[in-house]
Amino acid sequence: MTMERLNEKEKIRAQVKVWKDEGKLIGFVPTMGALHSGHMNLVKNSVKECDRTIVSIFVNPTQFGEGEDLDKYPRPLETDLKLLEKANADLAFMPNEDSMYPQGFCTWVIQEDLTEKLCGRYRPVHFKGVCTVVTKLLNITTPDKAYFGRKDFQQSVIIQRMVQDLDIPVEIRVMPTVREHDGLAMSSRNKYLTPPQRRDAVCLYKTLLQTRQLFAKGEENPKTFIDAMQQHLAQYEAVQPEYTEIVAPTDLTRPKTASSTSIAAVAARIGETRLIDNMPLGGRLQDVFQSAPERHQGRIP
Ligand code: AMP
């Protein structure tokens, strides 16, 4: 079956109605395009678990703050569509900006608390844009399951809370972080990195692995982990850390004592590029990430 490419919400609704009338289970993967193996793993899981898979490609302007990379965000649409076709997605939804934010648009989904922590401190409008666009996309596609990546851990927690709080009838599936050969979490923004910056970018992954090793040795004080991560990142001249944190996976608060389910989270700028990553302190590494190429062994490179 060839993949449908649609821009109009009304056509999406009509197609979804046909599928629902046929009793099909619908999976949805929201993306901003520039697709890589992290995105494609979400698509793969949706194709595996659902009868029909819709993937949206929309660079959502409202989740970018002043001076952020909205204008230069990569938009390789034809390549993306080919990848989706190859992955057996059924429908690519590429709404245009005017239909998502028509003249007079003034209704927002604002989540308190969780959105103010971690990345929210550095990107004050980001999660307002994310919550609003995800709500709209869920309302348009009305899927049974929606797929998100663990790489954006805070986002996944916020979205799970949002669908619970707003009674949006969808199951949120959170999939492991997919990484490059050396451990760097895949991101559309990795394309911005120069070769020397790309080499340094692995420091986020390395500091998270070291944090896990510290925990395995018996360390339990969140402050010790936070300081160790800061010290590690300080070795890289080109890297400007934004935050290094230990948080509880449900409410994103810093626990008094770290446990195996606590999440180590890091955000840093390398030049103009902002990168984030996270890992739980305990548990099996293979449960939370996958490497795109087979060669990666989960070692510290
Ligand atoms: P984006 O296109 O950056 O908005 O991301 C779309 C979805 O892909 C989000 O749910 C992200 O968390 C997810 N994603 C992005 N990078 C990765 C990755 N390296 N591994 C797993 N999921 C990812």
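Because only heavy atoms are used, hydrogens play no part in the values below, and waters and symmetry mates are left out as well, while side chains stay in. Predicted model only: the values in this text are computed from it and were never measured.
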Fill in: Shortest non-hydrogen contact between P222 and P255, atoms and distance
CG-O, 3.0 Å
Response to the item:
Here the pair of heavy atoms bringing V134 nearest to M162 is CG1-CE, 4.0 Å
Worksheet item: Heavy-atom count around E22 CD within 6.0 Å, excluding the residue itself: above 12?
Response: yes
Worksheet item: Does any non-hydrogen side-chain atom of I140 lie less than 4.5 Å from one of R13?
Response: yes
Discussion item. Closer than 3.5 angstrom, by distance alone: can the side chain of T132 be matched with the main-chain N or O of V109 as a donor-acceptor pair?
Written reply: yes
Worksheet item: Are the side chains of D144 and C50 in touch, meaning some heavy atoms are under 4.5 Å apart?
Response: no
Fill in: Same cluster (ILVMFWY, side-chain, under 4.5 Å), I263 and L285
no
Discussion item. Is there a path of hydrophobic side-chain contacts, each under 4.5 Å between heavy atoms, that joins L25 and I172?
Written reply: no
Fill in: N-O pairing of R179 and D277 below 4.0 Å
yes
Item to complete: Kindly give the heavy-atom pair with the smallest separation between L208 and A265, and that separation in Å.
Response: CD2-N, 4.4 Å
Item to complete: Report yes if some heavy atom in the side chain of T207 is under 4.5 Å from a heavy atom in the side chain of L233; otherwise report no.
Response: yes
Worksheet item: In the single-linkage hydrophobic clustering (I, L, V, M, F, W, Y; side-chain heavy atoms under 4.5 Å), do F148 and V47 co-cluster?
Response: no
Discussion item. For F127 and C119: C-alpha separation, side-chain torsions, deciding distance, then whether side chain to side chain contact (heavy atoms under 4.5 Å, CB included) applies.
Written reply: CA-CA 9 Å; F127 290 117; C119 291; 4.0 Å; yes
Worksheet item: Taking everything shown except K191 itself, do over 12 heavy atoms lie less than 6.0 Å from its NZ?
Response: yes
Worksheet item: Do S260 and L281 pass the side chain to side chain contact (heavy atoms under 4.5 Å, CB included) test, and can you show the C-alpha distance, the side-chain angles, and the key distance before you say yes or no?
Response: CA-CA 5 Å; S260 62; L281 292 180; 5.8 Å; no
Fill in: Over all atoms of both residues, closest heavy-atom pair of Y147 and P30
O-CD, 3.6 Å
Fill in: Validation row: E242, Q240 side chains within 4.5 angstrom (heavy atoms)
no
Item to complete: Could you verify whether a donor N or O on one side chain and an acceptor N or O on the other, from E220 and T257, lie under 3.5 Å apart?
Response: no
Item to complete: Flag the pair E116 and R121 as a salt bridge only when some basic side-chain nitrogen lies within less than 4.0 angstrom of an acidic carboxylate oxygen.
Response: no
Item to complete: Measure the acute angle between the ring planes of Y73 and Y192, then classify it against the limits of 30° and 60° as parallel, tilted or perpendicular.
Response: perpendicular
Worksheet item: Are Q63 and N60 close enough that a side-chain donor and a side-chain acceptor fall under 3.5 Å?
Response: yes
Worksheet item: What distance separates K9 NZ from S99 OG, expressed to the nearest 0.5 Å?
Response: 5.0 Å
Practice prompt. Count the heavy atoms belonging to other residues, nucleotides or ligands that lie under 6.0 Å from CD of E171, then report whether that count exceeds 12.
Written response: yes
Worksheet item: Is K128 positioned over the aromatic face of W108, cation under 6.0 angstrom from the ring centre and no more than 45 degrees off axis?
Response: yes
Worksheet entry | Side chain proximity check, K117 to Q154, heavy atoms < 4.5 angstrom | yes
Practice prompt. Give a yes or no on whether the backbone of L42 and the side-chain of S46 come within a donor-acceptor separation of less than 3.5 Å.
Written response: no
Worksheet, complete the sentence: Looking only at heavy atoms, the pair that brings A268 and P241 closest together is CB-CA, 3.9 Å
Discussion item. Please check: side-chain N/O of N7 versus main-chain N/O of M94, any donor-acceptor pairing under 3.5 Å?
Written reply: yes
Worksheet item: Within a radius of less than 6.0 Å around NZ of K72, do more than 12 heavy atoms belonging to other residues, nucleotides or ligands occur?
Response: yes
Practice prompt. Please indicate whether K20 has more than 12 foreign heavy atoms, meaning atoms of other residues, nucleotides or ligands, lying under 6.0 Å from its NZ.
Written response: yes
Discussion item. Please find the pair of heavy atoms, one from T250 and one from V157, that lie closest to each other, and give the distance.
Written reply: O-CG1, 3.5 Å
Item to complete: Fit a plane to each ring of Y243 and Y122, take the angle between them on a 0 to 90° scale, and name the class: parallel (under 30°), tilted (30 to 60°) or perpendicular (over 60°).
Response: tilted
Worksheet item: Side chains of I226 and R254: closer than 4.5 Å at any heavy-atom pair?
Response: yes
Practice prompt. Mind telling me whether Y236 and H232 have parallel, tilted or perpendicular rings, with 30° and 60° as the class edges?
Written response: tilted
Worksheet entry | D182/R198 ion pair, N-O < 4.0 Å | yes
Worksheet item: Taking the six-membered ring of F28 as reference, does the NZ or CZ atom of K145 fall below 6.0 Å from its centre and within a 45° cone about the axis?
Response: no
Discussion item. Counting C-beta onward and ignoring hydrogens, is there a side-chain heavy-atom pair between T211 and I246 closer than 4.5 Å?
Written reply: yes
Item to complete: Return yes if a side-chain donor-acceptor contact under 3.5 Å exists between Y101 and N96, otherwise no.
Response: no
Worksheet item: Taking a hydrophobic cluster as the set of Ile, Leu, Val, Met, Phe, Trp and Tyr residues connected by side-chain heavy atoms closer than 4.5 Å, whether directly or through intermediates, do F105 and F64 fall within one such cluster?
Response: no
Worksheet item: Would you say the side-chain atoms of T177 pair up with the backbone N or O of K151, donor to acceptor, closer than 3.5 Å?
Response: yes
Worksheet entry | Steps toward side chain to side chain contact (heavy atoms under 4.5 Å, CB included) verdict (R161, I158) | CA-CA 5 Å; R161 186 75 230 179; I158 286 170; 5.7 Å; no
Discussion item. If hydrophobic clusters are built by linking Ile, Leu, Val, Met, Phe, Trp and Tyr wherever their side-chain heavy atoms come under 4.5 Å apart, do I159 and M32 end up in the same one?
Written reply: no
Fill in: Note, I57 side chain near F93 side chain (heavy atom, < 4.5 Å)
no
Discussion item. Go through it in stages, so that I can follow the logic: the residues are T31 and V29, the test is side chain to side chain contact (heavy atoms under 4.5 Å, CB included), and I'd like the CA-CA distance, side-chain angles, deciding distance and then a yes or no.
Written reply: CA-CA 6 Å; T31 83; V29 183; 3.9 Å; yes
Worksheet entry | Salt-bridge contact E78-R5 (side-chain N to carboxylate O under 4.0 Å) | yes
